[in-house]
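Take a look at the structure below.
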Amino acid sequence: MQLHVRYEGDDDPEKCTARRLAHLGHATLHRSARETPPGVVLDPFADRALSPADDGGDRLVALDCSWKTATEEAFRLEGPHRSLPFLVAVNPVNYGTPFQLNTAEAFAGALVILGHRDQAEEVLETFAWGDTFLELNAEPLARYADCANSGEVVAVQDDYLADEGDTDAEGTDAER
């Protein structure tokens with residue numbers, strides 16, 4: 001699967017996973033929407049969740065920008081737009097924050113959901129936290145990858161979040 005990044009360049013170049021992926025030959029950076037080829041666009045504002053049914057194409061496209069500047073307008077890229085379901089970031093900037101993945105985590109999560117786990121592992125192998133991302137998110141990723149369509153992914157996500165909420169709500173005796 002080809003990985004393409006609409007690169008804004010508004011974050012710290014030393015922490016930019018898209019730049020590292022491009023340097024290692026895993027992804028291609030594009031400086032404008034016009035230069036960016038069409039593909040399945042990983043878009044946190046999309047109405048439909050990514051599912052294995054989206055594996056018909058050969059390209060994934062992500063926008064690499066600061067979360068502070070991420071807007072629906074910035075994601076005006078050609079192709080079907082899909083949001084990633086609940087996954088937890090493990091990168092040093094957003095560790096433990098759900099849905100706030102960096103570009104490498106977003107690509108890896110999408111690749112696993114689409115059935116390209118080996119490529120996901122390759123994408124993450126250069127990051128010290130890469131294995132942790134796959135380990136921490138192993139259960140939801142496996143469940144999403146077993147779904148047939150976006151509706152099933154959303155149902156699994158809702159079920160997973162409800163299970164997590166029940167665990168958090170119960171707390172420990174010391175917290176009650």
Side-chain angles (χ1 to χ4, degrees), residues 1-5 11 15-22 24-27 39-64 67 70 80-172 175:
M1 172 107 20
Q2 298 174 25
L3 306 179
H4 292 269
V5 180
D11 54 1
K15 297 176 184 171
C16 181
T17 61
R19 287 172 54 112
R20 186 183 295 183
L21 292 176
L24 295 170
H26 293 300
V40 175
V41 179
L42 302 178
D43 177 352
F45 302 105
D47 292 332
R48 293 189 61 183
L50 182 74
S51 78
D54 295 307
D55 193 31
D58 63 346
R59 282 190 201 110
L60 280 175
V61 179
L63 172 69
D64 185 272
W67 275 102
H81 287 232
R82 300 292 184 262
S83 60
L84 284 171
F86 174 84
L87 295 169
V88 177
V90 300
N91 68 76
V93 175
N94 291 319
Y95 186 86
T97 306
F99 298 107
Q100 296 240 334
L101 309 180
N102 64 28
T103 304
E105 290 169 322
F107 276 143
L111 288 164
V112 171
I113 292 168
L114 295 174
H116 302 274
R117 185 176 182 91
D118 290 344
Q119 187 177 1
E121 291 172 359
E122 288 174 19
V123 163
L124 292 175
E125 70 186 359
T126 186
F127 301 99
W129 42 261
D131 288 339
T132 305
F133 176 78
L134 293 175
E135 290 168 13
L136 182 68
N137 292 292
E139 180 184 345
L141 283 169
R143 291 177 68 186
Y144 301 143
D146 285 341
C147 293
N149 57 47
S150 180
E152 287 184 17
V153 168
V154 171
V156 167
Q157 171 185 263
D158 291 347
D159 182 54
Y160 187 78
L161 290 173
D163 288 347
E164 290 298 306
D166 290 345
T167 302
D168 292 342
E170 291 173 11
T172 63
E175 293 173 328

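Taking 4.5 Å as the limit, every side-chain heavy atom of Asn102 sits out of range of all side-chain heavy atoms of Val93. For the pair Leu63 and Val41, the minimum side-chain heavy-atom distance is 4.5 Å or more. Side-chain contact between Asp159 and Arg143: present, with at least one pair of heavy atoms (C-beta onward) separated by less than 4.5 Å. Counting heavy atoms from C-beta on, the side chains of Glu139 and Tyr160 come closer than 4.5 Å. Residues Ile113 and Leu141 form a side-chain contact, since some pair of their non-hydrogen atoms from C-beta on lies under 4.5 Å apart.
For Arg19, there are no salt bridge (Lys or Arg N to Asp or Glu O under 4.0 Å) partners two or more places apart in sequence or in a different chain. Checked against side chain to side chain contact (heavy atoms under 4.5 Å, CB included), Gln157 has the following partners two or more places apart in sequence or in another chain: Pro85, Phe86, Phe99, Tyr144, Leu161. Residues passing the side-chain hydrogen bond (donor to acceptor under 3.5 Å, both in side chains) test with Arg20: none are found, sequence neighbours excluded. Partners of Thr103 according to the side-chain hydrogen bond (donor to acceptor under 3.5 Å, both in side chains) rule, which considers only residues two or more places apart in sequence or in another chain, are Asp64. Considering only residues two or more places apart in sequence or on other chains, Pro92 meets the side chain to side chain contact (heavy atoms under 4.5 Å, CB included) condition with Trp129. For Asn91, the side-chain hydrogen bond (donor to acceptor under 3.5 Å, both in side chains) test picks out Glu105, with sequence neighbours left out. Residues satisfying the side-chain hydrogen bond (donor to acceptor under 3.5 Å, both in side chains) criterion with Asp55, sequence neighbours excluded, are His116. Scored by the side chain to side chain contact (heavy atoms under 4.5 Å, CB included) test, Thr97 finds Asn94, Gln100 as partners (sequence neighbours excluded).
Once rounded to the nearest 0.5 Å, the distance linking CG of Asn137 with CG of Leu87 reads 4.5 Å. Taking CE of Met1 as the start and CG of Leu60 as the end, the distance is 5.0 Å to the nearest 0.5 Å. The CZ atom of Phe107 lies 9.0 Å from the OG1 atom of Thr17; values are rounded to the nearest 0.5 Å.
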Please table the atom pairs, donor to acceptor, closer than 3.5 Å between any side-chain atom in residues 46-53 and protein atoms at least two apart or in another chain.
from  : atom 1 : to     : atom 2 : distance (Å)
Ser51 : OG     : Ala53  : N      : 3.2
Ser51 : OG     : Ser150 : N      : 3.4

Identify every side-chain donor-acceptor pair in residues 120-127 under 3.5 Å, counting partners at least two apart or on other chains, and give the distances.
from   : atom 1 : to     : atom 2 : distance (Å)
Glu121 : OE2    : Arg117 : NE     : 3.1

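Taking each heavy atom of Cys147 and Val156 in turn, the nearest pair found is SG-CG2, 3.6 Å.
Other residues, nucleotides and ligands contribute only 12 or fewer heavy atoms inside 6.0 Å of the CG atom of Asp131.
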*asked:* Test side chain to side chain contact (heavy atoms under 4.5 Å, CB included) on Val61 and Val5; report intermediate values, then the result.
replied: CA-CA 6 Å; Val61 179; Val5 180; over 6 Å; no

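Among residue pairs with one or both ends in residues 81-99, those qualifying as salt bridge (charged side-chain N to carboxylate O under 4.0 Å, His left out) are Asp54-Arg82; sequence neighbours excluded.
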